[in-house]
Amino acid sequence: MLATPSFHSLGLLLLLSFFLGFAFEDFFAKASSARPGGIRTFPLLSLGGGLLYLFDPAHLIAFTGGLLVLGVWLSIFYSVHLRERDEHGERNAGLVVLLLNIHAYLLGAVALALPHWVAVGSTVVAVLLLTGRDQLHTLARRVDTKEVTTAGQFLILTGVVLPLLPNEPVTTLTSITPQHVWLSLILVCTLSYASYLAQRYWPPAARGLWMPAIGGLYSSTATTVVLARQANSDPAARRQALAGITLATGIMYLRILAIIAVFNLALARELAAPMGGLAAVALLIATLQYWLIKAPAAQAQDQTPRGNPLELGTAAVFAVMFVVISVASTWVKTQFGTAGIYWLAAIVGFADIDPFVLNLAQGGIAGIGEHAVSIAVLLAASSNNVLKATYALSFGGRQTLQSAALLLLLAVGGVVLAVFLASVKL
């Protein structure tokens, strides 16, 4: 008994096949020779493929036969097509025309048998790849081999290593699993990789406060060091440097809040008010600094580190730090209780607070409630601001005295909020 296709599926089949055919004819409108396919051919191919699928949806004998007939016909066309020469005298060896005809045929069965998003998504992607040929080729010429290697490293971290790691604790020293460690690493690497790509391939990011904002997504501490150096060596950069240091710290609060929300939404809700408030104050101060400080005649550019943050060595160091802090946190909690975690939070703020925050967000310390974790996060962020104030004075001197004072003010604000939370009874 033949399956009865729905009206929506048939309508979608025709709509997508016309869309594909229209894009095909528009793209090849100026071609010197005819190409098989178009606004009439593709709907007929899709209808034919759909009908042949409905004849035998279980074994697909008729549908496979139709695909073989189409393949034979396309192979004949391609053998003739190879003898042609393009405007540069090269052989026309492209497979786009053949693949689009096969796509149109398969679309009939896909629209009738699979969820509609599969048919829509595959057709839209095919059209975008067809019409975006020039842009894609230009992008391919801009990207060098090093960028491809970096992208490959990122894919190895996310698609190869992560699924292979166990999701069970491997030691009694901590409840963190290897998969948790790597997932945390991937989250931070994703943020840093996104900021790296933006500053490399988005020219407007090299002007104004875009670069400090992007640097805050990766490391507000590193951004502070670079901007302080620039403010000291180039007076023309002072305006952007001072505003940028404050802006990067404001972005840091939002980054930490976003990272926590990925793993612990309840904890993110509790921290939303204090962290969001500190971020709002920092962003407001940065805006006032940028408006009120006298603008130099020539704005300095290239304000944040351009090193690729996705080196595997850096990833390994982060993973080790994550595990060490997890074990240390568990030990401190066992020996000194919750108060020990607060002292540890103040200490780790002078290093990299991301492993500490991620460990707390994932429940890496048993017996610590969300209220205590919120206090620890605020203390860690505050001590990190003290470190950045020290860096600002060390590398910028008197030129960044204002930034150092504001960072200390934000640190005091974070400690005050932490004390307030500690005084509130759950």
Side-chain angles (χ1 to χ4, degrees), residues 1-82 84 86 92-140 151 155 158-159 163 190 194:
M1 183 176 179
L2 294 178
T4 303
S6 68
F7 175 79
H8 295 91
S9 296
L10 285 174
L12 180 66
L13 184 155
L14 290 173
L15 178 64
L16 292 177
S17 59
F18 274 114
F19 172 59
L20 184 64
F22 180 82
F24 183 91
E25 289 205 6
D26 182 68
F27 184 79
F28 288 106
K30 298 180 180 179
S32 57
S33 59
R35 301 287 190 271
I39 200 167
R40 293 182 304 167
T41 304
F42 285 170
L44 290 174
L45 277 176
S46 297
L47 283 174
L51 291 174
L52 292 176
Y53 163 77
L54 292 175
F55 281 134
D56 185 13
H59 302 94
L60 300 178
I61 296 176
F63 181 79
T64 304
L67 184 61
L68 291 175
V69 171
L70 177 63
V72 171
W73 184 85
L74 289 175
S75 64
I76 296 173
F77 160 78
Y78 193 66
S79 63
V80 176
H81 183 64
L82 281 176
E84 299 176 357
D86 59 16
N92 286 323
L95 295 174
V96 173
V97 174
L98 281 68
L99 293 176
L100 288 176
N101 277 269
I102 295 174
H103 178 92
Y105 179 81
L106 296 176
L107 182 61
V110 171
L112 298 179
L114 298 178
H116 289 169
W117 67 266
V118 178
V120 174
S122 60
T123 304
V124 170
V125 169
V127 170
L128 291 178
L129 291 175
L130 172 67
T131 57
R133 181 186 66 178
D134 295 338
Q135 293 85 344
L136 290 173
H137 286 180
T138 301
L139 177 63
L155 292 175
T158 56
T190 300

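The structure displayed is predicted, hence computed values, not measured ones.
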note = OG1 of Thr123 to CG of Leu128, rounded to nearest 0.5 Å, is 11.0 Å
task = Kindly give the heavy-atom pair with the smallest separation between Val127 and Phe19, and that separation in Å.
result = CG2-CE2, 3.5 Å
Worked check of side-chain contact (heavy atoms from CB on, under 4.5 Å) between Leu107 and Phe42 = CA-CA 9 Å; Leu107 182 61; Phe42 285 170; over 6 Å; no
note = Interatomic distance, OG@Ser46 vs NE2@His103, rounded to 0.5 Å, equals 7.5 Å
task = Could you tell me whether a side-chain N or O of Asn101 sits under 3.5 Å from a main-chain N or O of Leu74, the two making a donor and an acceptor?
result = no
ask   = So how far is it from Ile102 CD1 to Leu45 CG, rounded to the nearest 0.5 Å?
value = 10.0 Å
Least distance between heavy atoms, Tyr105 atom then Gly49 atom = CE1-CA, 3.6 Å
query = So how far is it from Glu25 CD to Leu20 CG, rounded to the nearest 0.5 Å?
reply = 11.0 Å
inquiry  = Please give me the minimum heavy-atom distance between Leu100 and Ala126, naming the atom from each residue.
reply    = CD2-CB, 4.3 Å
task = Locate the shortest heavy-atom distance separating Ala23 from Leu130; write the atom from each residue and the value.
result = O-CD2, 3.9 Å
Pro36 side chain reached by Val97 side chain, heavy atoms, under 4.5 Å = yes
inquiry  = Using only atom types and a distance under 3.5 Å, with no angle test, would you say the side chain of Ser122 pairs donor to acceptor with the backbone of Ala119?
reply    = yes
ask   = Does Thr41 reach the side chain of Phe24, with side-chain heavy atoms less than 4.5 Å apart?
value = no
query = Looking only at atom types and distance, does a side-chain atom of Ser75 sit under 3.5 Å from a main-chain N or O of Val72, one as donor and one as acceptor?
reply = yes
query = Can you find a heavy atom in the side chain of Leu10 that is under 4.5 Å from one in the side chain of Leu112?
reply = yes
Side-chain donor-acceptor distances from residues 60-70 under 3.5 Å, at least two apart:
unit_1: Thr64; atom_1: OG1; unit_2: Leu60; atom_2: O; d: 2.6

query = Can you tell me how far CG of Leu13 sits from CZ of Phe18, rounded to the nearest 0.5 angstrom?
reply = 10.5 Å
